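Being a predicted model, the structure only gives us computed values, none of them experimental. Here is the naming used below: chain letters follow the sequence lines, and residue numbers restart at 1 for every chain.
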Amino acid sequence: MAETYDYRTAERKWQQRWDEEGIYRAREDEDRPKYYALEMLPYPSGDLHVGHAKNYTLGDAVARMMRMLGYNVLHPMGWDAFGLPAENAAIQRRADPNVWTRENIANMQRQVRLMGTSYDWSREIATCDPRYYRWNQWIFLRLYERGLAYKREAPVNWCPNDQTVLANEQVIDGRCWRCDHVVERRNLSQWFLKITAYADRLLADLEKLRGWPERTRTMQRNWIGRSEGVQLSFAVETSEERISVFTTRADTIFGATYLAVAPEHAVVEQIVTKKHQNAVRDFAESLKSRSELERTSLMEKQGVFTGAYAVNPLSNERIPIWVTNYVLAEYGTGAVMGVPAHDERDFDFARKHGLPVAQVIVVPGSDIEAPLQQPYTDEGRLIASGDFTGMTSMRARKAITDRLVALGIGEAQVNYRFRDWLVSRQRYWGTPIPIIYCEQCGEVPVPDNALPVLLPQNVPITGEGSPLARDPAFTNTTCPKCGGAAKRESDTMDTFFESSWYYLRYLDPHNDQQPWDPAKAKHWMAVDQYIGGSEHAVLHLLYSRFFYKFFHDEGWVSESDEPFTRLFHQGMVLYNGEKMSKSRGNVVGIDQTAEKNGVDAMRLFLLYVTPPEDTSDWTDEGISGRVRFVNRVWRACEPFFDRARSVDVRALPQVSASEEKALVRAVHVAAKSAIDETLSRRFHYNATIARLDEYVNALTALEQSAPDSAAVLYAVHALPLVIAPFAPHIAEELWARMGHTSSVHLERYLEPSEQALAVDEITLVVQVNGKIRARLQAAPGISEDQAFELAMQQSAVQAQLDGKQIRKRIYVADKLLNLVAG
RNA sequence: GGGGAAGUGGCGGAAUGGCAGACGCAGCCGCCUCAAAAGCGGCCGGGUAUCACCCAUGAGGGUUCGAGUCCCUCCUUCCCCACCA
């Protein structure tokens with residue numbers, strides 16, 4: 001009676017063994033090339049589902065492949081453990097955020113292990129651990145010393161539901177990224193990180209990131225939003241005030257027919273005339289009470305006249321100053337020159353409010369006297385522009401900028417769309433910001449030797465206001481400078497702070513002298529392959545690049561100033577075509593799936609169902625195909641354990657029959673596919689697993705017809721080696737059954753042999769005028785003339801050539817012969 | 001409105017410019033069985049005159065001896081950004 005494969009027992013046994021023997025532990029080793037494989041660290045929300053599993057399975061297959069290809073692989077895992085869900089659990093069911101998070105970590109760690117992943121658990125981190133967030137505070141202080149962390153009052157995004165501020169990157173379509181509540185604008189004093197100081201490098205270095213998806217680079221480019229232009233000021237007729245505007249189209253300055261100012265702009269109060277005061281105030285008030293979402297979705301351009309006029313510094317024309325809803329207070333100077341003839345928004349606004357449209361650029365091929373029916377936003381040759389008339393737009397921009405500089409009222413300027421990163425949060429479950437406020441000394445940083453500033457336990461969390469601010473035991477302290485009574489900062493850090501540098505802590509997770517040893521960073525960085533969802537294309541990936549450039553400037557990391565050499569976004573997993581969610585109750589959990597199908601089948605299915613970057617659909621029928629595959633692998637090997645033992649898998653078997661050669665070839669084709677997909681970084685293991693199917697199908701077939709063949713014994717013994725990165729448990733079990741005492745995962749991968757991959761016979765396609773008329777079996781390397789002779793003997797070819805002359809012969813060696821006739 | 005990616009059987013998908021549909025799922029037929037499950041074998045884009053030929057990779061054009069693949073136009077879907085001056 002044949003023994004059947006018991007995946008439950010085998011999986012448990014091998015996971016335990018790997019753990020005990022620490023076979024995935026990484027050590028610095030100068031003799032082998034290093035490879036840092038990393039998946040984005042998860043938030044410990046409670047349970048893993050097959051969506052997580054896809055991410056970790058892909059990363060694990062890559063790490064295992066690289067390990068078997070001779071690389072010294074670092075593959076760590078940890079927990080992004082601070083954040084709002086823990087606090088919400090505290091509010092809803094009085095759970096302690098610390099206990100809640102620890103329990104979730106324990107459960108998710110169990111599930112990640114259950115998947116048979118090859119992580120080095122000795123490097124595990126949790127960001128809510130004081131031994132970790134201590135270094136958050138340390139890094140914050142270094143940023144502070146460099147002037148890269150600062151506090152200021154600014155209009156910020158406030159989520160009334162989560163009772164905290166949000167970074168611009170966390171506001172999606174005017175809504176909170178976590179709870180989807182409409183975000184409000186508030187003027188608050190908050191901590192910022194000066195990411196804009198790195199704007200140019202963050203933008204320019206995107207060019208270096210050839211191993212990143214193009215669309216992610218484009219998204220970052222657009223998010224940074226660099227634009228070159230000139231900032232110039234207009235005199236106000238009845239006031240000492242001047243109004244600065246930013247424009248990328250200085251060449252259109254003679255076409256300015258009004259100035260448009262944001263309602264929040266400080267100059268408005270100074271210049272507005274008595275007569276217009278009420279209208280302007282009402283207008284500003286009507287906008288203030290609206291959320292940013294309402295304001296921007298309102299698209300319709302509105303505005304009121306201030307009664308004041310400005311003077312165009314080059315044409316000396318007098319133009320009215322309007323307050324409008326379409327000028328953003330936070331971008332540029334909060335004011336723009338309105339050029340209706342050459343800007344779509346200005347055109348809309350001017351037409352609505354009866355402002356003149358002054359054309360200053362020639363529209364090619366049209367009568368310049370005819371009034372413009374639509375704005376002309378392309379470049380061209382200038383008219384009606386004083387000294388600059390006749391110049392091209394490009395030349396005029398330069399000349400006009402030079403003139404404005406000479407007049408002392410303008411300068412060339414670069415503006416960025418993105419803003420500094422708002423990092424303070426009015427929440428409990430995060431890293432305390434290590435700053436103390438003293439009445440005598442002002443803002444004082446906590447000294448390094450007083451770190452960490454511990455997050456206090458047992459603080460009441462109600463969901464209203466900042467919990468730390470209401471805890472006097474925490475806020476009351478003494479000033480590190482003068483020793484007098486002082487107050488601690490009660491805000492905590494955005495959790496993206498922790499995740500911006502965690503990949504460095506893995507290198508040196510137990511260091512209590514510094515966040516990491518720069519020598520270790522020199523050895524292991526940069527991350528060779530980073531794998532995670534595309535939802536972090538801007539947020540986490542931009543922040544991390546910023547941090548890493550700062551670390552590089554400080555000399556804490558060497559080599560590159562980019563942390564992630566190659567990036568891969570895996571697609572999400574649906575269930576029966578629908579998004580999985582707790583509320584729908586259609587989440588496919590890891591525990592049930594592993595129990596029902598086995599982990600190897602689950603891993604194989606996730607890699608097989610689609611290319612990894614595509615959205616995959618989990619179906620119960622689909623996984624059954626891989627369960628069948630695992631069982632087929634077992635049945636193909638089980639009767640041959642004893643005989644296959646003595647076969648040397650590192651030497652090709654002596655075989656002559658074509659079926660035997662075909663089987664040996666199938667083994668090597670599969671191995672080559674696995675290697676090619678890994679080294680090309682395409683990771684299309686769906687194709688590799690199809691080759692594994694063919695391998696096992698060929699093996700099963702030959703076992704029927706020639707069970708004693710050397711090819712069968714070779715293919716049986718090689719199978720665990722070839723499937724090891726994808727189905728690690730059954731691979732290990734088979735390997736052990738064939739007499740090996742050390743792990744298959746520490747073996748070198750099967751090296752594809754040219755000889756084994758070679759074919760005895762090729763099929764040569766014969767075309768006449770591009771249509772297939774015959775197929776010839778021939779030896780590889782057949783000459784064109786020989787092929788032609790054989791082709792001409794084919795009746796189907798003769799029939800097509802009947803009465804025609806061959807004008808041309810196209811020959812692709814070992815593939816095709818095309819006869820062009822007419 | 002701008003930018004990006006993609007359209008191939010009932011489904012997921014495969015195919016360095018060279019045999020379209022590998023491999024699998026579902027389905028159908030058969031073997032095994034008292035029966036079922038499992039397993040094994042076969043069929044499985046459409047048409048017709050079925051050991052053969054014709055049509056077929058969203059639609060239309062182009063380049064080429066040859067196009068699913070490259071170029072242009074259009075249609076559709078998905079994603080991202082969206083008053084950034």
Side-chain angles (χ1 to χ4, degrees), chain A residues 4 172-173 213-223 225-227 229 231 245-249 252 260 262 295-301 324-328 330-339 342-346 348-349 377 415-419 534-535 537-538 569 571 577 604-605 608-611 613-626 628-629 631-632 635 684 686-697 700-701 704 763-775 796 807-822:
Chain A
T4 55
I172 293 145
D173 295 336
E214 183 53 44
R215 101 190 119 107
T216 303
R217 296 201 290 164
T218 304
M219 280 169 68
Q220 290 212 355
R221 209 171 281 128
N222 293 341
W223 185 262
R226 182 181 203 271
S227 53
Q231 185 174 318
V245 301
F246 173 74
T247 180
T248 55
R249 292 296 303 272
T252 65
R295 224 171 121 169
T296 53
S297 65
L298 199 67
M299 292 314 262
E300 195 189 11
K301 290 175 182 53
T324 70
N325 66 339
Y326 79 94
V327 175
L328 304 175
E330 299 95 48
Y331 182 76
T333 63
V336 302
M337 60 180 198
V339 185
H342 304 295
D343 183 280
E344 300 213 7
R345 295 152 300 184
D346 298 346
D348 278 358
F349 187 77
T377 57
N415 265 336
Y416 296 95
R417 202 192 72 106
F418 82 148
R419 320 288 154 73
S534 60
E535 66 272 19
V538 173
H569 294 308
L604 287 164
F605 180 65
Y608 183 61
V609 66
T610 37
E613 65 273 28
D614 290 356
T615 299
S616 20
D617 193 15
W618 184 278
T619 60
D620 297 333
E621 298 81 43
I623 178 76
S624 69
R626 293 302 100 191
R628 282 201 274 268
F629 172 78
N631 290 330
R632 208 155 60 228
R635 283 197 310 270
H684 284 197
N686 53 323
T688 301
I689 293 170
R691 302 291 85 77
L692 292 175
D693 278 335
E694 287 165 352
Y695 175 170
V696 176
N697 289 346
T700 310
Q704 300 302 311
T763 304
L764 190 77
V765 172
V766 182
Q767 297 182 332
V768 177
N769 290 333
K771 285 199 181 285
I772 295 158
R773 297 301 172 186
R775 296 182 175 88
R807 301 188 190 283
K808 204 169 169 184
R809 280 177 6 188
I810 310 285
Y811 184 66
V812 182
D814 292 349
K815 281 230 167 108
L816 160 142
L817 175 68
N818 186 11
L819 303 174
V820 185

_Quick check on B:C23: is either OP1 or OP2 less than 4.0 Å from any side-chain nitrogen or oxygen of A:R626?_
no
*For B:C23, which nucleotide in any strand shown is its Watson-Crick or wobble partner with both distances under 3.5 Å?*
B:G12
*What is the distance, rounded to the nearest whole Å, between atom CH2 of A:W618 and atom P of B:G12?*
18 Å
*When you compare B:A56 with B:C71, how far apart are their C1' atoms, in angstrom units rounded to a whole number?*
23 Å
*Rounded to the nearest angstrom, tell me the gap between atom CG in A:D617 and atom P in B:C11.*
13 Å
*Measure the distance from CH2 on A:W223 to C1' on B:G3 and round it to the nearest whole Å.*
16 Å
*Between A:R226 and A:S534, name the one whose nearest nucleotide on RNA chain B is closer to the 5' end.*
A:S534
*asked:* Please classify the nucleic acid contact of A:T248 as base, sugar-phosphate, or nothing, using heavy-atom distances under 4.0 Å.
replied: sugar-phosphate
*With a 3.5 Å cut-off and just heavy-atom distances, do the side chain of A:K815 and the base of B:C19 make a donor-acceptor pair?*
no
*asked:* Considering every strand and a 4.0 Å limit on heavy-atom distances, what is the contact class for A:Y608: base, sugar-phosphate, or nothing?
replied: base
_Distance check, C1' atoms only: B:U50 and B:C44, in whole angstrom units._
16 Å
*Anti or syn - B:G17, cut at 90° from 0*: anti
_Between P of B:G39 and CZ of A:F629, the distance in whole Å_ = 14 Å
*Please measure how far the P atom in B:G27 lies from the corresponding atom in B:U73, and state the result in whole Å.*
45 Å
*Distance check: side-chain N/O of A:T218 vs OP1/OP2 of B:C81, anything under 4.0 Å?*
no
*To the nearest Å, give me how far apart CE (A:M219) and C1' (B:C78) are.*
14 Å
_What I'd like to find out is whether the side chain of A:T324 reaches to under 4.5 Å of the side chain of A:K301, using heavy atoms alone._
no
_Euclidean distance, A:L817 CG relative to A:I810 CD1, rounded to 0.5 Å_ = 9.0 Å
*If we take the C1' atom in both B:U57 and B:A20, what is their distance in whole Å?*
7 Å
_Using a 4.0 Å heavy-atom cut-off, does A:D346 contact any base of the nucleic acid, only the sugar-phosphate backbone, or nothing at all?_
nothing
*Is the shortest side-chain N/O distance from A:N686 to OP1 or OP2 of B:A22 below 4.0 Å?*
no
*Answer whether the closest heavy-atom distance between the side chains of A:M337 and A:T252 falls below 4.5 Å.*
yes
*Would you tell me if any nitrogen or oxygen in the side chain of A:R635 comes within less than 4.0 Å of OP1 or OP2 on B:C40?*
yes
*Using both distances under 3.5 Å as the test, list the Watson-Crick or G-U wobble partner of B:U33, or none.*
none
*B:A15 versus B:A22 - spacing of their P atoms, nearest Å*: 13 Å
_Side chain of A:V812 only, heavy atoms from C-beta on: which candidate in B:C19, B:G24, B:G18 is closest?_
B:G18
*asked:* Say we look at B:G24 and B:G13: how far apart would their C1' atoms be, to the nearest angstrom?
replied: 9 Å
_Less than 4.5 Å apart, side chain to side chain, heavy atoms only: is that true for A:Y608 and A:T610?_
no
*Report the distance from atom CG of A:D614 to atom C1' of B:G7, rounded to the nearest whole Å.*
12 Å
_Angle between ring planes, A:F349 versus A:Y326, binned at 30° and 60°: parallel, tilted or perpendicular?_
tilted
*Is there a donor and acceptor pair closer than 3.5 Å between the side chain of A:R628 and the base of B:A38?*
no
*Counting any heavy atom closer than 4.0 Å, what does A:R419 reach on the DNA or RNA strands: base, sugar-phosphate only, or nothing?*
base
*In the structure shown, which nucleotide is the Watson-Crick or G-U wobble counterpart of B:G60, with both distances under 3.5 Å?*
B:C72
*Where the side chain of A:S534 meets the backbone of A:A537, is there a donor-acceptor pair that is under 3.5 Å apart?*
no
*Think A:R417 has a side-chain N or O under 4.0 angstrom from the OP1 or OP2 of B:A82?*
yes
*asked:* Donor-acceptor check, side chain of A:D617 to backbone of A:G577, threshold 3.5 angstrom: yes or no?
replied: yes
*In Å and rounded to the nearest 0.5 Å, what is the OG1 to CG distance from A:T763 to A:D814?*
10.5 Å
*asked:* Tell me which nucleotide, if any, is Watson-Crick or G-U wobble paired with B:C44 when both distances must be under 3.5 Å.
replied: none
*Find the distance A:I689:CD1 to B:G12:P and express it as a whole number of Å.*
18 Å
_Nucleotide of B:C25, B:A22, B:C19 approaching A:E621 most closely (side-chain heavy atoms)_ = B:C25
*Taking OP1 and OP2 of B:G18, is either one under 4.0 Å from a side-chain nitrogen or oxygen of A:K771?*
no
*Donor-acceptor pair between A:H569 and A:E535 side chains, under 3.5 angstrom*: no
*Look at the side chain of A:N697 and decide which nucleotide, out of B:C19, B:A85, B:G24, has an atom nearest to it.*
B:G24
*Base, sugar-phosphate, or nothing for A:G625, non-hydrogen atoms under 4.0 angstrom?*
sugar-phosphate
*Does A:R249 use its side chain to pair, donor to acceptor, with the backbone of A:T377 at less than 3.5 Å?*
yes
*Confirm from the modelled atom types if A:R775 and B:C19 form a donor-acceptor pair under 3.5 Å, side chain to base only.*
yes
*Whole-Å P distance, B:G68 and B:G62*: 15 Å
*Whom does B:C65 pair with, Watson-Crick or G-U wobble, provided both distances fall under 3.5 Å?*
B:G18
*Quick one: list whatever passes salt bridge (charged side-chain N to carboxylate O under 4.0 Å, His left out) with A:R632, sequence neighbours left out.*
A:D693
*So what does A:S227 hit on the nucleic acid, given a heavy-atom distance under 4.0 Å: a base, only sugar-phosphate, or nothing?*
sugar-phosphate
*To the nearest Å, how far apart are A:I772 CD1 and B:C53 P?*
11 Å
Tabulate atom names and distances for all N/O pairs under 3.5 angstrom spanning the protein and nucleotides 63-65 of chain B.
from	atom 1	to	atom 2	distance (Å)
B:C65	OP1	A:K808	NZ	3.2
B:C65	O2'	A:N818	ND2	3.3
B:C65	O2	A:N818	ND2	2.4

*asked:* Rounding to an integer number of angstrom, what distance separates B:G7 and B:C70 when you compare their P atoms?
replied: 10 Å
